[in-house]
Amino acid sequence: MTAPVTVPAVVPADWPTTEAEALAEQRRLRPLVAARGPAPEPVAGTLVAGVDVAYDDERDVVAAAAVLLDYATLEVVEEATAVGRVAFPYLPGLLAFRELPAVTAALDALTRSPDLVVCDGYGLAHPRRLGLASHLGVTTGLRTIGVAKNPFTFAYALPGGRRGDWTPLLDGGEEIGRAVRTREGVKPVFVSVGHGIGLTEAVTVTLALTPAFRIPETTRRADSLCRRALAEAVAPGGTGR
DNA sequence: GCGACAG
DNA sequence: ATCTTGTCGC
């Protein structure tokens, strides 16, 4: 694997500035989400990406990381980061507008395209059915899933104690995702469809990516990388400005 | 009106 | 997300 490349994360000129604009964009993208499709095959050459973002709100700096793993071995094959200005304030339900410009830049910096992207957050499990994973999938054309660490506002019963046990994540009577036990004795993670894949398949991928820890290897790798990138960006002599 | 609220 | 030391345990 080569050293990670870092690119500037530029917020598009037409990026939403207000809550109303963001809501309008969600309404436009929502019908484009595909909630079904196959899981990637765990064979040599299949690539799965993990993406994550870290912030320095004090300096208005954001750093995103995209890490490519070989789905068959979970070995890291490529890394990229993007650093720029925060694109949007944090508002529950509008997280995509805060994170995606940097995430997209990091993904674009990879020399190869992933067969699937694992996001840190939700996809269809969202008040308006367009969490960041679905938003990213529709705007890039990539297949995506969301694996979140918290249930947000949704309801669920605790799944059984064994790895692989799951229960539906419910919004009213609708199953919008699943609470999945990735390890015995730890809290479940919350899996939802992003784009181009079914819910059962998304759970299969999540379990394949969690051989040792609660959180998928993709997310763990991306998390540590974006933190490193942020630290370098804001360090004296860095690319902080 | 008040609280809750992915990261 | 981020603020934050040591500490219990495999």
Side-chain angles (χ1 to χ4, degrees), chain A residues 9 11 16 19 22-23 26 29-30 33 50-67 81-104 106-107 117-138 144-156 163 169-172 176-180 182-195 199 202 206 211-216 218-231 233-235 240:
Chain A
V11 181
E19 182 171 359
L23 291 171
Q26 289 187 335
L29 298 176
R30 167 66 184 86
V33 178
V51 293
D52 197 13
V53 174
Y55 300 96
D56 184 331
D57 286 309
E58 196 81 343
R59 306 182 189 190
D60 199 38
V61 175
V62 56
V67 180
T81 60
V83 177
R85 304 263 288 182
V86 175
F88 204 82
Y90 172 67
L91 298 176
L94 299 177
L95 184 60
F97 297 95
R98 181 168 170 81
E99 305 210 331
L100 291 193
V103 166
T104 303
L107 280 171
V117 181
V118 180
C119 296
D120 191 10
Y122 282 124
L124 288 177
H126 178 274
R128 295 169 294 280
R129 304 295 182 268
L130 195 81
L132 76 168
S134 296
H135 193 137
L136 178 67
V138 165
T144 61
I145 69 172
V147 180
K149 299 181 286 296
N150 297 292
F152 203 6
T153 61
F154 305 115
Y156 71 102
R163 169 175 157 81
L169 184 65
L170 301 169
D171 187 4
I176 55 175
R178 288 176 185 171
V180 180
T182 56
R183 278 202 85 190
E184 298 184 0
V186 299
K187 296 187 307 178
V189 296
F190 304 89
V191 178
S192 58
V193 166
H195 178 62
L199 181 54
T206 299
F213 299 96
R214 173 183 178 236
I215 302 300
T218 38
T219 300
R220 298 183 67 247
R221 297 284 191 174
D223 179 73
S224 66
L225 181 57
C226 70
R227 290 185 197 225
R228 263 180 283 151
L230 180 66
V234 301

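Letters A, B, ... mirror the listed sequences (proteins, then strands); counts begin at 1. Values in this document were obtained by computation on a predicted structure and should not be read as measured data.
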Protein within reach of the bases, or only the backbone? For nucleotides 5-10 of chain C, mark each nucleotide 5' to 3' as B, S or -, using heavy atoms under 4.0 Å. ------
Apply the test side-chain contact (heavy atoms from CB on, under 4.5 Å) to residues A:Glu99 and A:Val51: give CA-CA distance (whole Å), side-chain angles for both, the deciding distance (0.1 Å), then the verdict. CA-CA 10 Å; A:Glu99 305 210 331; A:Val51 293; over 6 Å; no
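Between A:Ala222 and A:Ala65, the shortest heavy-atom contact is O-CB, 3.5 Å. Taking all atoms of both residues into account, the shortest heavy-atom contact from A:Ala64 to A:Ala106 is O-CB, 4.0 Å.
In this structure, the side chain of A:Arg214 does not engage the main chain of A:Thr182 through any donor-acceptor pair within 3.5 Å. Of the possible donor and acceptor atoms, none in the side chain of A:Ser192 sits under 3.5 Å from a partner among the backbone N and O of A:Ile176. Within the 3.5 Å criterion, the main-chain N or O of A:Gly93 finds a donor-acceptor partner in the side chain of A:Arg128.
Applying side-chain contact (heavy atoms from CB on, under 4.5 Å) to A:Tyr122 and the options A:Leu95, A:Leu169, A:Val147 leaves one that passes, A:Leu169.
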If you write DNA chain B from 5' to 3' in dot-bracket form, with Watson-Crick or G-U pairs under 3.5 Å, [ ] for crossing pairs and | for pairs with another strand, what do you get? .......
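Using the six-membered ring where Trp is involved, A:Phe88 and A:Phe97 have ring planes that are tilted, between 30° and 60° apart.
Comment: A:Asp120 engages A:Lys149 in a salt bridge, judged by a side-chain N to carboxylate O separation of less than 4.0 angstrom.
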Collect all protein-nucleotide pairs involving nucleotides 1-7 of chain B in which both atoms are nitrogen or oxygen and the distance is under 3.5 Å.
unit_1 : atom_1 : unit_2   : atom_2 : d
B:dA6  : OP2    : A:Tyr90  : OH     : 2.8
B:dA6  : N7     : A:Gly93  : N      : 3.3
B:dA6  : N6     : A:Gly93  : O      : 3.3
B:dA6  : N6     : A:Leu94  : N      : 3.4
B:dA6  : N6     : A:Leu95  : N      : 3.1
B:dA6  : N1     : A:Leu132 : N      : 3.3
B:dA6  : N3     : A:Tyr122 : N      : 3.2
B:dG7  : OP1    : A:Lys149 : N      : 2.8
B:dG7  : OP2    : A:Asn150 : ND2    : 2.5
B:dG7  : O3'    : A:Asp120 : OD2    : 3.4

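Here the two rings, on A:Tyr156 and A:Phe190, have centers that are under 6.0 Å apart.
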